[in-house]
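Have a look at the structure below before the remarks.
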Amino acid sequence: MKYIFVTGGVVSGLGKGIVAASLGRLLKERGLKVISQKLDPYINVDPDTMSPYQHGEVFVTEDGAVTDLDLGHYERFINENLNKYSNLTTGRVYWNVLHKERKGEYLGKTVQIIPHITDEIKRFIYQVGELAKADVTITEIGGTVGDMESQPFIEAIRQISLEQDPGNVCFIHVTLVPFISGSNEYKSKPTQHSVKELQNAGVRPNIIVCRCDGHLPEEIRQKISMFCNVKPECVIEDTTVSELYEAPTMLETQNFSAIVCRELHINAPNIDLTKWNAMLAKIHSRSRKVRIAIAGKYVKLHDAYLSVAEALKHGGYEHGCFVDIKWVESDGITPENVEETFRNCDGIVVPGGFGGRGIEGMITTAQYARTHNVPFLGVCLGLQIAVIEFARHVLGYTDASSREFNPDSKHLVIDFMPGQNDEIDKGGTMRLGAYPCIVHPGTVFESCYGIGTREISDRHRHRYEVNNDYRAELEEAGFKVVGESPDGRLVEAMENPKCDFFIGIQFHPEFKSRPTHAAPLYAGLIKAALAYQDKQKADREEDIPNE
């Protein structure tokens, strides 16, 4: 097993996650089995109860782990399903250690940062690779070097470098090389200070990845090499690219993966980026454009819907079009402005979320899409919104709602299932991870996955379900169940056959979307949006009088 640790310095937001994900892809294209991992220094046990404004998107793995959004980047780049050991927080470390202490597993010893906390961190690092049977484990350390919160993680990876044979561990440090416009020059001093801080913690980087706006002058590279004690070729530029998925090829122009293999004593086959470059060629050959609205609660922070946005782009790649996303704050949508809000949109997504804010705006959005035949995809909360809207405006239950928003409603079309209850502790009480869904034949839903598909599996993160007491009534009125759990107990997907594309789903297909193969429902939405655009154009042309 080979171990790569990616740290960051100077400032946050440099793109450590993209560097780690890109390297994972490059090593995979050399025939290596790669698994990725993120260590986060915050004290929450996981991001489950964190506000999207604080943390951004919560990403869910196949086995139901609630994790950092960087794991989405890892999965999209390396096309490998990650697991419960792929994300670790300080809170989880202390949670595990204290539970072991209470159970007497430390045999009366004094529990300390070293060795007990660092041992728990190392256990996760070792187990993620063992579980995946990987050749290489890439671990990103959250935060920046020098942060108080990150110190136990840095100490743990230092210990691993001692425990492993020489050549089995590689440290990559991502740092900022700012350009000072007043003096018209790049400055290496922040990088020097950051590396010094890392070295003071006992970790010497093998490779330094320099985040910069343009190409570094040779004298700056040489200076970083000399003062940071790395080989000149191990100073790698990390410049801004026009498309996110160009990052691996940008880094590989500097022989990034070959240098990493050399540092780790890996005799790997030559890299083959044929498939990746074919995907990039498809991205650059797009000729059309559609506008898709995301009507959500947290759109002021786009990272809150990162996987949704990426899945829409992937659908665009598949159908040769750019996807222009219109971010719409749902609590600003009213019956008076809804038509103006979505006038120039070719499709609408109502994504997931929690709490009552902005719900009425989402309901108005779903009604507009249904009555105007605008392609619509409701994801998780979006399905529940579509059911509430239909119950109010078609079934006539004007107070229809969810127990989450209005527990006093007489028509809780979204509710707990029998045996569930409203737990006092919100964290860890949801249906999480991959669950099977039986696909009903002869539906638009089926056509997205391929005619003849009878069962799919996708990831969930929700607490409430469609209330089966209203299921027959909804279907009789025209809102059909098109996907359900194998036992028929849980509604997984619904669609309105009167619309060309109006689908609500209880799961999150965006978590499994990849740039090389889009999530079927997002690709289906883009296809429907293109058809809607063509129809709108044809209708406008018919309205032009003949001269």
Side-chain angles (χ1 to χ4, degrees), residues 1-7 15-38 70-71 73-83 85-86 125-141 157 160-174 203-210 225 230-238 241 244-281 514-517:
M1 186 81 68
K2 304 290 186 176
Y3 298 91
I4 298 172
F5 297 104
V6 180
T7 56
K16 295 192 306 294
I18 299 300
V19 170
S22 297
L23 178 58
R25 185 73 203 193
L26 295 172
L27 294 177
K28 185 171 182 178
E29 298 296 7
R30 286 181 173 272
L32 299 171
K33 171 77 170 176
V34 179
I35 195 72
S36 295
Q37 182 183 55
K38 174 76 179 291
D70 271 326
L71 270 71
H73 287 311
Y74 302 157
E75 286 206 1
R76 286 187 286 272
F77 274 74
I78 68 175
N79 193 25
E80 295 284 347
N81 291 332
L82 304 183
N83 58 56
Y85 294 107
S86 292
I125 293 171
Y126 287 135
Q127 286 192 320
V128 69
E130 291 169 1
L131 186 63
K133 295 181 172 58
D135 300 311
V136 180
T137 296
I138 301 176
T139 301
E140 176 193 350
I141 314 298
I157 65 176
I160 286 178
S161 70
L162 294 177
E163 293 170 0
Q164 296 296 309
D165 292 335
N168 281 354
V169 176
C170 177
F171 294 110
I172 299 175
H173 192 53
V174 182
V203 173
R204 186 184 73 81
N206 303 80
I207 298 169
I208 297 175
V209 175
C210 301
S225 168
V230 298
K231 304 178 183 74
E233 68 272 17
C234 292
V235 179
I236 305 292
E237 291 177 351
D238 181 16
V241 291
L244 179 66
Y245 300 107
E246 292 177 340
T249 54
M250 176 270 294
L251 293 168
E252 189 59 18
T253 58
Q254 302 165 77
N255 300 314
F256 189 31
S257 68
I259 292 169
V260 169
C261 287
R262 183 192 70 191
E263 294 296 308
L264 287 171
H265 302 171
I266 296 175
N267 184 20
N270 291 332
I271 195 165
D272 182 4
L273 289 171
T274 303
K275 292 181 180 178
W276 195 257
N277 287 333
M279 180 267 294
L280 291 177
R514 307 286 188 259
T516 49
H517 49 280

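Positions are given from 1, in the same order as the sequence printed here. Everything numeric here is computed off the predicted structure, so don't read it as measured data.
Residue E263 holds its CD atom at 13.0 Å from CG of N168, rounded to the nearest 0.5 Å. Rounding to the nearest 0.5 angstrom, the gap separating the CG atom in L280 from the NZ atom in K275 is 14.5 Å. In this structure, T139 OG1 and I35 CD1 are separated by 10.0 Å, a value rounded to the nearest 0.5 Å. To the nearest 0.5 Å, the span separating CG on L264 from SG on C170 amounts to 5.0 Å. Note that CD1 of I18 and CE of M250 are 10.0 Å apart. Values are rounded to the nearest 0.5 Å. In this structure, CZ in F77 is found 12.0 Å from CD1 in I138, a value given to the nearest 0.5 Å.
K38 is listed as a side-chain neighbour of L71, based on a closest heavy-atom distance under 4.5 Å. Side chains of E140 and S36 form no contact here, defined as non-hydrogen atoms less than 4.5 Å apart. No side-chain heavy atom of C210 sits less than 4.5 Å from a side-chain heavy atom of I236. Looking at N206 and V230, their side chains never come closer than 4.5 Å, going by heavy atoms from C-beta outward. The shortest side-chain heavy-atom distance between K2 and I266 falls under the 4.5 Å cut-off. In this structure the side chain of T7 never reaches within 4.5 angstrom of the side chain of I172, judged on heavy atoms. Between N79 and H517, the closest side-chain pair of non-hydrogen atoms falls below 4.5 Å. Residues I157 and I125 are in side-chain contact: their nearest non-hydrogen atoms beyond the backbone lie under 4.5 Å apart.
Annotation for D70 and G17: closest pair OD1-CA, 3.8 Å, computed over non-hydrogen atoms. Shortest non-hydrogen contact noted between S257 and L23 is CA-CD1, 4.5 Å. Residue P205 comes nearest to H173 through the heavy atom pair CB-CB, 4.0 Å, listed as atom of the first residue, atom of the second, then distance. R76 and R514 get closest at one heavy-atom pair: CA-CD, 3.8 Å. H265 approaches P166 most closely through the heavy-atom pair ND1-O, 4.2 Å.
Not one N or O on the side chain of S86 forms a donor-acceptor pair closer than 3.5 Å with the backbone of L82. For the pair N277 (side chain) and L273 (backbone), a donor-acceptor distance under 3.5 Å is present. With hydrogens and angles ignored, the 3.5 Å screen pairs a side-chain donor or acceptor of W276 with a backbone N or O of Y245.
For the residue pair E163 and Y126, a side-chain donor N or O sits within less than 3.5 Å of a side-chain acceptor on the partner. Residues Y74 and E80 bring no donor and acceptor atom of their side chains to less than 3.5 Å of each other. A donor-acceptor pair shorter than 3.5 Å cannot be found between the side chains of T137 and Q37.
F256 pairs with exactly one of D238, I271, I207 by the side-chain contact (heavy atoms from CB on, under 4.5 Å) rule, that one being I207.
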I'd like to know whether E29 forms a side-chain contact (heavy atoms from CB on, under 4.5 Å) with L26, so could you lay out the CA-CA distance, the side-chain angles of the two residues, the decisive distance to 0.1 Å, and finally the verdict. CA-CA 5 Å; E29 298 296 7; L26 295 172; 5.8 Å; no
Would I78 and L27 count as a side-chain contact (heavy atoms from CB on, under 4.5 Å) if you check the C-alpha gap in whole Å, the side-chain angles of each, and the deciding distance to 0.1 Å? CA-CA 9 Å; I78 68 175; L27 294 177; over 6 Å; no
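A salt bridge between D135 and K33 is absent, with no side-chain N of the basic residue lying under 4.0 Å from a carboxylate O of the acidic one. Note on E252 versus R25: no salt bridge recorded, every NZ/NE/NH1/NH2 to OD/OE distance being 4.0 Å or above. Salt-bridge formation is detected for the pair E233/R262: a Lys NZ or Arg NE/NH1/NH2 atom is positioned less than 4.0 Å from an Asp or Glu carboxylate oxygen.
Between F5 and Y3, the ring-plane angle classifies as parallel under the 30° and 60° cut-offs.
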